[in-house]
Number of protein chains: 4
Amino acid sequence: MPERRRGAPRSEAARMRILEATARLFATRGYDHLTIEGIAGEAGVAKQTIYRWWRSKAALVSECLLEGMLIPDRLLIPDTGDLRADLVDWLDRVLGVLAAPGGEGLVRSLIAAATEDPEIGRRLRASLGGDESLEGRLASGVAAGQLRADAPLAEIGEALVGAVLLRALGGIAVEDADAERLVAVVLG
Amino acid sequence: MPERRRGAPRSEAARMRILEATARLFATRGYDHLTIEGIAGEAGVAKQTIYRWWRSKAALVSECLLEGMLIPDRLLIPDTGDLRADLVDWLDRVLGVLAAPGGEGLVRSLIAAATEDPEIGRRLRASLGGDESLEGRLASGVAAGQLRADAPLAEIGEALVGAVLLRALGGIAVEDADAERLVAVVLG
Amino acid sequence: MPERRRGAPRSEAARMRILEATARLFATRGYDHLTIEGIAGEAGVAKQTIYRWWRSKAALVSECLLEGMLIPDRLLIPDTGDLRADLVDWLDRVLGVLAAPGGEGLVRSLIAAATEDPEIGRRLRASLGGDESLEGRLASGVAAGQLRADAPLAEIGEALVGAVLLRALGGIAVEDADAERLVAVVLG
Amino acid sequence: MPERRRGAPRSEAARMRILEATARLFATRGYDHLTIEGIAGEAGVAKQTIYRWWRSKAALVSECLLEGMLIPDRLLIPDTGDLRADLVDWLDRVLGVLAAPGGEGLVRSLIAAATEDPEIGRRLRASLGGDESLEGRLASGVAAGQLRADAPLAEIGEALVGAVLLRALGGIAVEDADAERLVAVVLG
DNA sequence: GCGTAAACGAGACGGTACGTCCAGTCTTATA
DNA sequence: TATAAGACTGGACGTACCGTCTCGTTTACGC
């Protein structure tokens, strides 16, 4: 017999309306113009309903990130068998987001959110190409003999993603060969 | 006879009190608990005096950064002739700041400031080991034949500094061999 | 055959816990810091159980008043045969409550409750010395020939109780001879 | 040389807009539907400007009362030389306010305000016929030999005004002869 | 006894207002 | 004209309760 809490159960509808409103406002206004009050209004929800389930704006964004509502899914790493080409391809697309109108704002907003909650930082690393995709692809490269077995995969990932963040922060223009050069650096 | 504006000249004393107050509060409270009002109070200055000379909190922090009031100066890169050893040494010290109490907060605060002003991002990259020191050291490594002449120095620097930022964001604990591994990644 | 509704009957235990909690909180925190939520918590009862049986905080207080849970019962009027002495004695004790620590707060709270529900006003007038006691005592004075037969008993009572309320509202300190003077005014 | 504070002086325009808005909303909605936010909105003023100068809703109402913005000024006591007739006349008008539509609400609201701030209680007693008018008229009655020289004027006033308040609280309907009876009670 | 309808505890929900903080602008008097 | 002081509008903060609502549980009548 399962222990059941009493009282009305949490409203899934409200939860989704809140997350969707958060994602919508995050995309349009950016992280630091995001307000709890604005989200509540957009979601048609009482502020208290937000505070009941999330400790802060950052926690809300973190959950959105986890649900994949903030980062476009076209940033997955392909696996054609050629590790270097796949990395360059992927990095080109990531840097392309930076170059796109609003794209830099998106990444900066994600970083801003991460400065308030380490969990976001970790999820950002994972989502932008961390455990599931980037490191997985690197591991697959190891299996294919395109990378030494003892290569520090985590550090390679960090170097790539970190370089992207740094560019977003600095507002540095992206050139065509950048992806190639970066990949060359970390793959040797 | 030089054209001179009339009225009182800008008070250098006020400017310094403001910058010092900013640096002090930045270090103790972090960037997002930094307020113009708080700075004005701490500096014994009217809010308007701040708004007259700086456009925003970020601009204020940016100037502090430029004056070297935010980042400890022990992060310079040595030049013993051995590029790899020097980089590991420097990176160890940088990561050591992250591990030190308050150190992670400092870096996160710097990143938070950078998300509001690209100029801060660029200065951060420069200060944390950019143009003056890191890339200079790499160039010196090229001259010493320890790095290929066509090595993409900027990208190597980005990868290293970016990895540091990413770790600060994720609150990832630092291990002893991390510096060595990261340097190995970017130097091949 | 009596029409009987089905389902569980009203819980007398819950009713009493609610009234007692109300009286307790009314006495300690005063009427305007009284909240339905607080009462429910104190009584170990669901909010809905309160709303099911009472329309408002004021109705709740009104019932407490009716049950004699709010006003100390030492305020009854004696009947020694000497009307004037009895009134002075009683008024002395009433004003004594005002002067006692917390006593003024009690009366002010009762007045505050009365402003939200005329029924409370009427019960207050009755409880503080209205129909059952004060006017009864006055009528007994008429019978004893100490008051003219056509004396406006209701108005005499109103004047006395009203003066007490006014003093409570104004926070006016009470002197020894006040009771005597007031009685002298209304008895001529 | 007068000690002068620096900084902008208090805005008299804002002060008046706030007091007028308070009086307007007090009259239309009553004391307990009065909100600081509502007043600020009605007055076109920031909430903080209210909190800067008044500690509470009650303090605001108290100042309105002092400025004579809440109580109609037709409640002054005449002095025709006949004390009893003048009192009956005045009391008739006061009770008339109670009987008028909205009048009872006004008095109840004033009482509600007084329960939160003794100062309001005192001003209420004064305004409704206290020191300036009622007691003055009584003193004049003493001079005219219509009242004994040692008559407790304060208590007579309290009894009259208190009776009015009590009626307002109880929602008791007013009859024609009530004023006469009440005056008869207190004048003997 | 057994179904069922109401009462009950718990507590989530959309709201309103609270009192505080700070942003950025403005108005003074002084230097 | 720059400054210290500080009042001003505006807006978001996070909290406290409101009164309503849904849950699952308990209770006692009427079949």
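Note that the structure is predicted; figures quoted are calculated from it, not measured. In what follows, chains carry the letters A, B, and so on, assigned in the order in which the sequence lines appear, proteins first and then strands, with residues in each chain numbered from 1.
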task: Check the pair C:L65 / C:F26 against side chain to side chain contact (heavy atoms under 4.5 Å, CB included), numbers first and verdict last.
output: CA-CA 11 Å; C:L65 199 53; C:F26 185 95; over 6 Å; no
For atom [atom1] of [X] and atom [atom2] of [N], their distance in whole Å:
{"X": "C:R52", "N": "E:dG9", "atom1": "CZ", "atom2": "C1'", "value": "10 Å"}
{"X": "A:R10", "N": "E:dC13", "atom1": "CZ", "atom2": "P", "value": "7 Å"}
{"X": "B:Y51", "N": "F:dA7", "atom1": "OH", "atom2": "P", "value": "17 Å"}
{"X": "D:E116", "N": "E:dC18", "atom1": "CD", "atom2": "C1'", "value": "13 Å"}
{"X": "D:I18", "N": "F:dT9", "atom1": "CD1", "atom2": "C1'", "value": "12 Å"}
{"X": "B:W54", "N": "F:dT3", "atom1": "CH2", "atom2": "C1'", "value": "13 Å"}
{"X": "D:R55", "N": "E:dT20", "atom1": "CZ", "atom2": "C1'", "value": "16 Å"}
{"X": "C:L60", "N": "F:dG19", "atom1": "CG", "atom2": "P", "value": "12 Å"}

message: Check for me whether C:R10 meets the cation-pi criterion with C:W53, that is, NZ or CZ under 6.0 Å from the six-membered ring centre and within 45 degrees of the ring axis.
response: yes
field: Donor-acceptor under 3.5 Å (C:S109 side chain, C:Y31 main chain)
entry: yes
query: How about D:R52: does its CZ atom have over 12 heavy atoms from other parts shown lying under 6.0 Å from it?
result: yes
query: Roughly how far, to the nearest 0.5 Å, is the NZ atom of D:K47 from the CD1 atom of D:I36?
result: 9.0 Å
- request: Specify the residue among C:E12 and B:K57 whose closest nucleotide of DNA chain E lies further upstream toward the 5′ end.
  value: C:E12
message: Which is more 5' along DNA chain E, the nucleotide nearest C:R15 or the one nearest A:R17? Just name the residue.
response: C:R15
Presence of D:R6 side-chain N/O under 4.0 Å of F:dA5 phosphate oxygens OP1/OP2: no
- prompt: Under 4.0 Å between a side-chain N/O of B:W53 and OP1 or OP2 of F:dT3, yes or no?
  reply: yes
message: Let's see if you get this right: which residues in residues 30-50 of chain A place a heavy atom under 4.0 Å from DNA chain F?
response: A:T35, A:I36, A:E37, A:K47, A:Q48
query: Closest heavy-atom contact between C:A46 and C:A40?
result: C-CB, 4.3 Å
- prompt: Which pairs with one or both residues in residues 17-28 of chain C pass side chain to side chain donor-acceptor pair (under 3.5 Å), sequence neighbours excluded?
  reply: C:R24-C:E42
